[in-house]
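Shown next, in structure tokens, is the structure this report addresses.
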Amino acid sequence: MADIDNKDQAEMDPADMEDVEEVEEEETGEDENSKARQLTVQMMQNPQILAALQERLDGLNGSPSGYIESLPKVVKRRINALKNLQVKCAHIEAKFYEEVHELERKYAALYQPLFDKRSEIVKAAYEPTDEECKWTADEEEELTQDEMKEKAKLEEEKKDEEKEDPKGIPEFWLTVFKNVDLLSDMLQEHDEPILKHLEDIKVKFSDPGQPMSFTLEFHFSANDFFTNTVLTKTYKMRSEPDESDPFSFDGPEIISCTGCAINWTKGKNVTLKTIKKKQKHKGRGTVRTVTKTVPNDSFFNFFTPPEVPESGELDEDSEAVLAADFEIGHFIRERIVPRAVLYFTGEAIEDDDDDYEEEGEEADDEEGEEEADEENDPEYDPKKDAAPPAECKQQ
């Protein structure tokens, strides 16, 4: 706006003067808003400010709104009574899960004969009958007579090419492990020759009256790598509320695990590797080669988890290893052992993927509904949802 000199102001009507002042105030306000926006953009581009802001927001997450603190004492007193009831509910829930564990033990005994027969078929100790091998798919593929003849001819040729009849189902458990991302991430190339000897995985539950736990048993055929026929991993569980935080109880949790000693054949321990390092003598300047044995990545490290000290305190790396270990142990017990053949064929993996896709679609639908609600809001401003600067996207 052009400046108004004193002479012009003197000749202006008082009403006009008020209009000029209002315009000046609006422009001043716009300038301040513009500066504020620029400052905000600059702040949001600063990683340190963003980190501090995120930390602050994390601290506020779940913070009380102040409503509870504002209630009269007599009401707070009644809330305490409700909390005490909730603690009693948590203890009843713990008993419920103890009985569930007893049911798991009962039904494990019913499942085991079927799993034993599965193991016998896999390791060629039992040949299933023609009746046992019949399988009717939901949708049978229709073949013409010519196609059937061609198929029979190819199968016959394939049989002729086979020099020997394979026994059982070769590499059954190794294939299961390689098909499941959670397990294949643990596998190394040097583990595979050993896992070809894995014949069965069994789950054993703790005896009645004993602390809740389960043991994974890995049964191996005779091999050149170690003398053990069974490797074990035991997971101890707790199904009772924590006295210091009873409301966090959400069913049984794994609290610790113990592996077993592997009796490796000399030179076959894949959990260790030998490296050579050159060392230079500071005084004489001579160089010598030193051989060192260091840990090596391997699936078989699964049987030597970090020990939990009596204090219960672990460093971050050990905590991460144990958290992953607990997840793997639970997954093997709950999914792999009961449905091994479906993970071998890949059908269970497809089902898992479908579940993830459905969850993703539900999340997308919810986001879409939220966006639709925002767009229907008369005060909704799409400019506020514009993409943030590149620096913000990387945080």
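Sequence positions, counted from 1, serve as the residue numbers for this chain. Predicted model only: the values in this text are computed from it and were never measured.
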Between [X] and [Y], does any side-chain donor sit less than 3.5 Å from a side-chain acceptor?
X      : Y      : value
Glu217 : His219 : yes
Thr129 : Glu131 : no
Tyr97  : Glu102 : no

Carboxylate-amine/guanidinium contact [X] [Y], below 4.0 Å:
X      : Y      : result
Lys167 : Glu127 : no
Glu171 : Lys178 : no
Lys202 : Asp116 : yes

Quick check: do [X] and [Y] have side-chain heavy atoms less than 4.5 Å from each other?
X      : Y      : value
Phe205 : Thr215 : no
Lys88  : His91  : no
Glu199 : Phe220 : no
Pro208 : Arg105 : yes

Donor-acceptor pair, side chain of [X] and main chain of [Y], under 3.5 angstrom:
X      : Y      : value
Asn263 : Ala261 : no
Asn84  : Asn80  : yes
Lys277 : Lys292 : no
Trp264 : Phe226 : no
Ser206 : Pro211 : yes
Thr271 : Asn296 : no
Asp191 : Phe299 : yes

Same apolar cluster (I L V M F W Y, side chains within < 4.5 Å links), Tyr107/Ile332: yes
For [X] against [Y], the heavy-atom pair lying closest together:
X      : Y      : result
Ser298 : Val270 : OG-CG2, 3.5 Å
Asp224 : Lys268 : O-CG, 3.5 Å
Phe344 : Asn179 : O-ND2, 3.1 Å
Gly168 : Pro170 : O-CD, 3.6 Å
Leu183 : Phe177 : CB-O, 3.7 Å
Glu104 : Glu334 : OE2-OE2, 3.7 Å

Lys236 atom NZ, neighbour heavy-atom count above 12 within 6.0 Å: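 Incorrect, the count does not exceed 12.
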Audit row: Tyr235, Asp325, side chain to side chain contact (heavy atoms under 4.5 Å, CB included) steps and yes/no: CA-CA 10 Å; Tyr235 291 88; Asp325 192 300; 2.7 Å; yes
Let me confirm one number: the [atom1]-[atom2] distance from [X] to [Y], rounded to the nearest 0.5 Å.
X      : Y      : atom1 : atom2 : answer
Thr293 : Ile275 : OG1   : CD1   : 8.5 Å
Arg333 : Leu216 : CZ    : CG    : 9.0 Å
Thr345 : Arg339 : OG1   : CZ    : 9.5 Å
His330 : Ile336 : NE2   : CD1   : 12.0 Å
Lys196 : Asn223 : NZ    : CG    : 13.0 Å
Lys106 : Glu99  : NZ    : CD    : 12.0 Å

Aromatic plane relationship, Tyr111 with Phe115 - under 30° parallel, 30 to 60° tilted, over 60° perpendicular: parallel
Verdict with supporting geometry, Ile79 and Leu71, side chain to side chain contact (heavy atoms under 4.5 Å, CB included): CA-CA 10 Å; Ile79 291 173; Leu71 294 173; 3.7 Å; yes
Leu195 vs Phe300, side chain to side chain contact (heavy atoms under 4.5 Å, CB included): CA-CA, chis, key distance, verdict: CA-CA 10 Å; Leu195 289 172; Phe300 291 91; 4.0 Å; yes
From CA spacing to verdict: side chain to side chain contact (heavy atoms under 4.5 Å, CB included), Tyr343, Arg335: CA-CA 9 Å; Tyr343 282 100; Arg335 305 298 293 273; 3.6 Å; yes
Phe218 ring center near Phe303 ring center (under 6.0 Å):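 Under 6.0 Å, so yes.
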Ring-face cation contact, Phe302 with Lys233, 6.0 Å cut, 45° max: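 Relative to the ring axis of Phe302, which defines the angle, Lys233 lies inside both limits.
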